[in-house]
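I have placed the structure first, in the form of structure tokens, so that the comments after it can refer back to it.
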Amino acid sequence: MHIAQDLRPKMSFLYFLFLVLLLHPFHLGRSELEMNYYSESCPNAETIIKEEVTKLYHKHGNTAVSWIRNVFHDCMVKSCDASMLLDDDPARGIQSEKYSGRNFGMRNFKYINTIKEALESQCPSTVSCADIIALSARDAVQLLGGPPIAMKSGRKDSETSYAEVVDDYLPNHNDTMQLVLDRFQSIGVDVESTVALLGAHSVGRVHCMNIVNRIYPTIDPTLDPDYAEYLKRRCPSPNPDPKAVDYARNDLDTPMLLDNMYYKNLLEGKGLMIVDQELTSDPSTLPYVQKMAADNSYFHDHFATAMILLSENNPLTGDQGQVRVDCTRVNPA
């Protein structure tokens, strides 16, 4: 009897806590990512981002490709927190991730601040650079003929960069498929979703620096001979100048459409980089390549799911991080 009486205060507290959780889910979940996060603080935020992304696309079509790649290069490295956008800042001990070898070929960073400035003019210090990365990618995917993506928002920006560990998180273009799969699986992206994400290589182009090991000194025997000749025409030197405009297209048929032609090309030996072609030689990935090559809708569905998984990797939310005013710099103290 005394034991039961002693438990009453604890039971009353637990019951009270249960009611709090039941009746106030909105406040408790506010620090998490959610759809339409800016509906009250900046109602036009997503419209502004879409308008800016569309204007930039019509002026510089390759910006849409950059926005998709930004998600991979930012979110794979610890967190979706726009750390990749920071410039060098010796006073704060910040070394930019932009100059990492794994980020070679990334560009159009300056246009992120074009989007940011449009947002700042309407809603100062409200929309994070991390959300600009995610939402601009969502809009770019559709501009390139890809699927709609239900992208959440509410990310905050990091106050540091992770330049020293970029290579530990981003797989390289000539890594083994098992290593690539392991890197993605470490953030909750399974094999099927990894194959779908690599479909982003359907659009854009790749610098010869990342290709020449397939054609020099000898041609990779897995390459289609005609495609190998195309690569040699585009990359005539085994030692390309990294500053030169020496590129080859991922997809010669629909180079600016996010479609399943990428997978059809892989099955014909027309993978641009080693990591692309390895999708057909690994028994765990080949069945998904075949499915995506046969069904564009299947590819789109899984690409959308994979982009959501990637964009929600360990974000800073709530009181974590900050909302940068300039995406290239941490706010002054």
Side-chain angles (χ1 to χ4, degrees), residues 64-80 84 102-103 105-106 133-152 166 169-206 210 250-251 254 256-267 271-282 284-293 295-315:
V65 180
S66 296
W67 304 155
I68 297 173
R69 291 183 180 165
N70 281 348
V71 174
F72 167 69
H73 286 263
D74 185 58
C75 293
M76 281 293 291
V77 183
K78 288 200 171 187
S79 169
C80 291
M84 180 190 66
R102 298 289 166 90
N103 287 328
M106 295 293 290
I133 286 178
L135 296 172
S136 63
R138 175 197 66 183
D139 297 333
V141 166
Q142 286 207 268
L143 283 171
L144 294 169
I149 301 175
M151 194 77 78
K152 295 179 181 179
V166 167
Y169 288 88
L170 285 179
N172 203 10
H173 64 91
N174 57 2
D175 282 335
T176 66
M177 182 50 57
Q178 189 55 57
L179 189 149
V180 173
L181 293 174
D182 288 345
R183 292 279 172 90
F184 278 104
Q185 287 173 347
S186 72
I187 65 166
V189 178
D190 64 14
V191 175
E192 186 173 27
S193 292
T194 299
V195 176
L197 279 175
L198 285 171
H201 291 176
S202 172
V203 290
R205 56 189 188 174
V206 172
N210 293 335
N250 288 308
D251 173 1
T254 55
M256 291 299 285
L257 276 181
L258 186 67
D259 60 11
N260 66 338
M261 186 60 69
Y262 168 76
Y263 303 100
K264 295 178 182 179
N265 287 335
L266 293 183
L267 295 175
L272 189 54
M273 295 181 290
I274 288 175
V275 70
D276 297 314
Q277 202 58 54
E278 282 184 340
L279 286 172
T280 63
S281 58
D282 189 294
S284 69
T285 55
L286 176 58
Y288 297 120
V289 171
Q290 292 169 328
K291 286 183 181 180
M292 292 180 192
D295 188 340
N296 195 54
S297 295
Y298 172 81
F299 161 54
H300 277 177
D301 289 346
H302 288 278
F303 183 81
T305 299
M307 284 289 283
I308 291 170
L309 288 171
L310 184 58
S311 71
E312 295 181 4
N313 178 38
N314 193 32

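By convention here, the first residue in the shown sequence is residue 1.
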Can I get a per-line list of side-chain donor-acceptor pairs under 3.5 Å for residues 191-203, giving both atom names and the distance, sequence neighbours left out?
residue : atom : partner : partner atom : Å
Glu192  : OE2  : Tyr298  : OH           : 2.3
Glu192  : OE2  : His302  : NE2          : 3.4
Ser193  : OG   : Asp190  : OD1          : 3.1
Thr194  : OG1  : Asp190  : O            : 2.9
His201  : ND1  : Asp276  : OD1          : 2.6
Ser202  : OG   : Leu257  : O            : 3.0
Ser202  : OG   : Asp259  : N            : 3.4
Ser202  : OG   : Asp259  : O            : 3.3
Ser202  : OG   : Asp259  : OD1          : 3.2

What's the separation between atom [atom1] in [X] and atom [atom2] in [Y], rounded to the nearest 0.5 Å?
X: Arg102; Y: Tyr169; atom1: CZ; atom2: OH; result: 13.5 Å
X: Met76; Y: Phe184; atom1: CE; atom2: CZ; result: 4.5 Å
X: Glu312; Y: Leu310; atom1: CD; atom2: CG; result: 10.0 Å
X: Cys80; Y: Asn314; atom1: SG; atom2: CG; result: 8.5 Å

Original post:
What's the verdict on side chain to side chain contact (heavy atoms under 4.5 Å, CB included) for Gln290 and Tyr263, showing C-alpha distance, side-chain angles and the deciding distance?
Top reply: CA-CA 7 Å; Gln290 292 169 328; Tyr263 303 100; over 6 Å; no
Is the backbone of [Y] close enough, under 3.5 Å, to the side chain of [X] for a donor and an acceptor to pair up by distance?
X: Asn296; Y: Asn260; answer: yes
X: Arg138; Y: Pro148; answer: no
X: Thr285; Y: Ser281; answer: no
X: His300; Y: Leu258; answer: yes
X: Asn174; Y: Ile274; answer: no
X: Asp175; Y: Val180; answer: no

Validation row: [X], [Y] side chains within 4.5 angstrom (heavy atoms):
X: Asp139; Y: Gln142; result: no
X: Val77; Y: Met84; result: no
X: Pro147; Y: Val141; result: yes
X: Val189; Y: Arg183; result: no

Where is the tightest heavy-atom contact between [X] and [Y], given as atom of each residue plus distance?
X: Ala150; Y: Ile308; answer: O-CD1, 3.7 Å
X: Ala140; Y: Ile68; answer: CB-CG1, 4.2 Å
X: Met273; Y: Asn210; answer: CG-O, 3.8 Å
X: Met307; Y: Ala137; answer: CE-CB, 4.0 Å
X: Ser297; Y: Asp295; answer: N-OD1, 3.0 Å

Subject >> For Ser186, side-chain contact (heavy atoms from CB on, under 4.5 Å) partners two or more places apart >> reply: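 With neighbours one apart ignored, the set is empty.
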Subject >> Stepwise side chain to side chain contact (heavy atoms under 4.5 Å, CB included) check, Leu279 with Tyr288 >> reply: CA-CA 9 Å; Leu279 286 172; Tyr288 297 120; over 6 Å; no
Subject >> Under the ring-ring contact (aromatic ring centres under 6.0 Å, His included) test, residues paired with Tyr262 that sit two or more places apart >> reply: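 Expected list: none.
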Original post:
What's the verdict on side chain to side chain contact (heavy atoms under 4.5 Å, CB included) for Met106 and Asn70, showing C-alpha distance, side-chain angles and the deciding distance?
Top reply: CA-CA 8 Å; Met106 295 293 290; Asn70 281 348; 3.2 Å; yes
Original post:
Are Asn265 and Asn250 close enough, and set up right, to give a side chain to side chain contact (heavy atoms under 4.5 Å, CB included), and what steps lead you there?
Top reply: CA-CA 9 Å; Asn265 287 335; Asn250 288 308; over 6 Å; no
